[in-house]
Amino acid sequence: MLSVQQAEEIIFNRVQPLDAKLDAEVADLLAASNRILAMPVTSDLDFPHWDNSAMDGYAVRSADVEGCSAEQPAVLEIVEEIPAGKQPQHTIQPGQAARIFTGAMMPEGADTVVMQEVTRLSGSRVVILAAPKPQAFVRHRASYYQAGTPLLMPGIPLFAPEIAILASAQCPQVSVYRHPRVAILSTGDELVTPDRPLQPGQIVDSNQYAMAALVAQSGGIPLLLGIVPDQPLALKNAIASALTSADIVVSSGGVSVGDYDYVDRILESLGAEIHLRAVAIKPGKPLTFATFKRGEAQRPVLYFGLPGNPASSLVTFWRFVQPALKKLSGLAQGWKPMFVQARAGQDLRSDGKRETYLWGQMHLIEGGYEFQLAGGSHSSGNLINLSRTNGLAVLPVGITSINAGEAVQVLQVGLPFGD
C-alpha cells in the first residue's frame, strides 16, 4: 500500500496536459470566461494608447510652473479644453495651458498635469497656486504594455481581469483549450437512480451526481454512463466504451477485495497499466489508478477507480482526481492541491495508521483560519454531514491527535474559505 505522497507523485507525473495544437478551439470573448488560454496573446496596441491625463486639471509645460506657489502663482492662458475621447487641437506654447479631464489625450508641448484643486480660474486664464513635480499625473504611452510583446501567456484561466484585457486589446475571439471529457460510471447491483423507489437493501447512486458536479466545477465535461451491474462482461463493455470517448474515466465501487469487485481484472484484460491499487489514506484506501495507451502520438486515457462509499469517493476525488483533471486541462499553475495552515476548532482524532482526512468548514477569524469539524459521524458511508464542506483537515500517519487550538494543515475543497 502506497503513501498519499507516493500515490500523488505516480498520478500527477502521468498526466499529460492537453496539446495547444491538437486540443485548442476558438471561443468568442463572451464565451471564454473560466476557460484556459491555449495560445499566447500579443497586441498591436500600446497601453496606454497615448499619453493621457490621470487627473482633472490643466495640461502645462513643467518649465512654466516650476517654483510657483500661492504667494507667487504662475498665470497661464487657457488655449483649449480637452475632454476624454477628443484629439487635442493645439500645441502648448510657453505661457499656455489646456483644460484637461481624466483619460484625455495630452496635447503636444505639455508634459505635466496640474490638478484643479491647486488652481483658480480667472477668465480665460488659470492661476497655478502650487508647483507640481515634472511629469505629474501623466500616464505615458506604452508604460503599461508595449505593442508586440507577450500580453497573456497560455495556461492561465480567463477570469474577469483577463477578459477585460482581451477586450481592450481588441481580441473578440481567443484560442482556449477544449474541455476535458470525463466518463463517469457507478458499479453495483445494489444501486438505483434517484427517481426510483428504494427496495430493501438498495442504495441511491449519489456518486454519479457528485462526480458529475465535481467534474463540471473543475472545467471538464461529465459523460454519464449510469449504473453498471456487477457483471464482468457488462463492466468490461462499459469501460471499453468509455475509453473511446473520454480523456479520464472515473468509476466508483468495485475496487475493493469483495467477490463482486471485478474492476482491476477487467482493466488488465483491456490492456491497462495499473499503477496503484491501494493508498494509505482514510477514507479511500481502495483506490485504483491506471493508464491506457491509445497510440504513440496520443495522450493516454487516465482511469480512476474510486471507492464506492460516498465520503471516500469525494475525498479521493478532491485529493487526486481534481488536481489531475486541472493539470490535464492545460492549467499551467494552480492545479496542485492547495493546503493552508489553520487552528483546530476542536480536538481531531485518528488511529494514526493512515493519512486521515476529516471534513468540515474553514472560517477566517481574527486574521487567521480556523477549522471547524463537521458534526456527526466521520464514517466513509456518511454523506449527510459533508454539506458545506470547504476543507479537509489532514492528520499524517503516526499522528493520532491534534488538540483544539493547535495548528493543522487543511486541504481546500468545495466552497471558498470564509463566511
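Counting begins at 1 with the first residue of the sequence. Being a predicted model, the structure only gives us computed values, none of them experimental.
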Chemist: State, with a plain yes or no, whether a side-chain heavy atom of Ile165 is found less than 4.5 Å away from one of Leu151.
Modeler: yes

Chemist: I need the full list of side-chain hydrogen bond (donor to acceptor under 3.5 Å, both in side chains) pairs touching residues 196-207, with sequence neighbours left out, sorted by first then second residue.
Modeler: Ser186-Asp205, Asp205-Gln208, Asn207-Ser252, Asn207-Ser313

Chemist: May I ask you to say whether Arg35 pairs ionically with Glu162, meaning some side-chain N is under 4.0 Å from a carboxylate O?
Modeler: no

Chemist: Could you tell me if the side chain of Phe289 sits less than 4.5 Å from the side chain of Tyr303, heavy atoms only?
Modeler: no

Chemist: After noting the C-alpha distance and the side-chain angles of Ile184 and Leu225, does the key distance pass the side-chain contact (heavy atoms from CB on, under 4.5 Å) rule?
Modeler: CA-CA 6 Å; Ile184 302 168; Leu225 303 186; over 6 Å; no

Chemist: Can you tell whether the side chains of Arg299 and Asp19 come within less than 4.0 Å, N to carboxylate O?
Modeler: no

Chemist: Under the side chain to side chain donor-acceptor pair (under 3.5 Å) test, which residues partner Thr291, sequence neighbours left out?
Modeler: His275

Chemist: Contact between Val176 and Glu25 at the side-chain level, heavy atoms closer than 4.5 Å - yes or no?
Modeler: yes

Chemist: Under the 3.5 angstrom rule, does the side chain of Ser43 hit a backbone N or O of Leu45 as a donor-acceptor pair?
Modeler: yes

Chemist: Could you tell me whether a side-chain N or O of Asn382 sits under 3.5 Å from a main-chain N or O of Ile384, the two making a donor and an acceptor?
Modeler: yes

Chemist: Quick one, His378 and Trp359 - any side-chain contact, counting heavy atoms below 4.5 Å?
Modeler: yes

Chemist: Please report the shortest heavy-atom distance between Phe304 and Ala324, naming the atom on each side.
Modeler: CZ-CB, 3.9 Å

Chemist: Closer than 3.5 angstrom, by distance alone: can the side chain of Arg354 be matched with the main-chain N or O of Ile281 as a donor-acceptor pair?
Modeler: yes

Chemist: Is any NZ, NE, NH1 or NH2 atom of the basic residue among Glu8 and Arg319 found under 4.0 Å from an Asp or Glu carboxylate oxygen of the other?
Modeler: yes

Chemist: Is the count of non-hydrogen atoms from other residues, nucleotides or ligands lying under 6.0 Å from Gln135 atom CD greater than 12?
Modeler: yes

Chemist: Show every donor-acceptor pair shorter than 3.5 Å between a side-chain atom in residues 330-340 and any protein atom, with sequence neighbours excluded, or say none if there are none.
Modeler:
none

Chemist: Which pair of heavy atoms, one from Val65 and one from Pro132, lies closest together, and at what distance?
Modeler: CG2-CD, 3.6 Å

Chemist: Would you call Leu306 and Val321 a side-chain contact if the rule is heavy atoms closer than 4.5 Å?
Modeler: yes

Chemist: What is the minimum heavy-atom distance between Leu328 and Pro180, and which atoms define it?
Modeler: CD2-CB, 3.5 Å

Chemist: Return yes if some donor-acceptor pair links the side-chain N/O of Ser241 with the main-chain N/O of Asn237 below 3.5 Å, else return no.
Modeler: no

Chemist: Looking at Arg277 and Glu268, is any side-chain nitrogen of the basic one under 4.0 Å from a carboxylate oxygen of the acidic one?
Modeler: yes

Chemist: For Glu370 and Gln372, which I'm curious about, is there any donor-acceptor pair between the side chains at under 3.5 Å?
Modeler: yes

Chemist: Hey, are the side chains of Ser329 and Pro17 touching, using non-hydrogen atoms and a 4.5 Å cut-off?
Modeler: no

Chemist: With sequence neighbours excluded, give me every salt bridge (Lys or Arg N to Asp or Glu O under 4.0 Å) pair touching residues 43-61.
Modeler: Asp46-Arg141, Arg61-Asp64

Chemist: Is Glu66 atom CD crowded by more than 12 heavy atoms from other residues, nucleotides or ligands, each under 6.0 Å away?
Modeler: no

Chemist: Can you find a heavy atom in the side chain of Val204 that is under 4.5 Å from one in the side chain of Leu191?
Modeler: no

Chemist: Using side-chain contact (heavy atoms from CB on, under 4.5 Å), reason through Thr149 and Thr42 one step at a time and then give a plain yes or no.
Modeler: CA-CA 6 Å; Thr149 60; Thr42 60; over 6 Å; no

Chemist: For the residue pair Arg14 and Phe12, would you count it as a cation-pi contact if the rule is NZ or CZ under 6.0 angstrom from the ring centre and within 45 degrees of the ring axis?
Modeler: no

Chemist: Kindly state each residue pair satisfying ring pair (Phe, Tyr, Trp, His ring centres under 6.0 Å) with at least one member in residues 160-215, sequence neighbours excluded.
Modeler: none

Chemist: Considering residues, nucleotides and ligands other than Glu117, do more than 12 of their heavy atoms fall under 6.0 Å from its CD?
Modeler: yes

Chemist: Using side chain to side chain donor-acceptor pair (under 3.5 Å) as the criterion, list what pairs up with Gln409, not counting sequence neighbours.
Modeler: none

Chemist: Checking Asn390 against Gln361: is there a side-chain donor and acceptor pair closer than 3.5 Å?
Modeler: no

Chemist: Check step by step if side-chain contact (heavy atoms from CB on, under 4.5 Å) holds for Thr400 and Asp351.
Modeler: CA-CA 5 Å; Thr400 58; Asp351 62 14; 6.0 Å; no

Chemist: Is Thr119 close to Val114 at the side-chain level, that is, under 4.5 Å between some pair of heavy atoms?
Modeler: yes

Chemist: Think Arg343 forms a cation-pi with Phe371, using NZ or CZ under 6.0 Å from the six-ring centre and within 45 degrees of its axis?
Modeler: no

Chemist: Any chance CG of Leu198 has more than 12 other-residue heavy atoms, nucleotides or ligands included, within less than 6.0 Å?
Modeler: yes

Chemist: For residues Leu395 and Ser350, report the shortest heavy-atom separation together with the two atoms involved.
Modeler: CD2-CB, 3.5 Å

Chemist: Considering residues, nucleotides and ligands other than Lys327, do more than 12 of their heavy atoms fall under 6.0 Å from its NZ?
Modeler: yes

Chemist: Between Tyr357 and Leu411, which heavy-atom pair has the shortest distance, and what is it?
Modeler: CE2-CD2, 4.3 Å

Chemist: Could you walk me through whether Leu152 and Leu166 pass the side-chain contact (heavy atoms from CB on, under 4.5 Å) test, one step at a time?
Modeler: CA-CA 9 Å; Leu152 295 176; Leu166 291 166; 3.8 Å; yes

Chemist: Where do Pro307 and Thr316 come nearest, in terms of heavy atoms and distance?
Modeler: CD-OG1, 3.8 Å

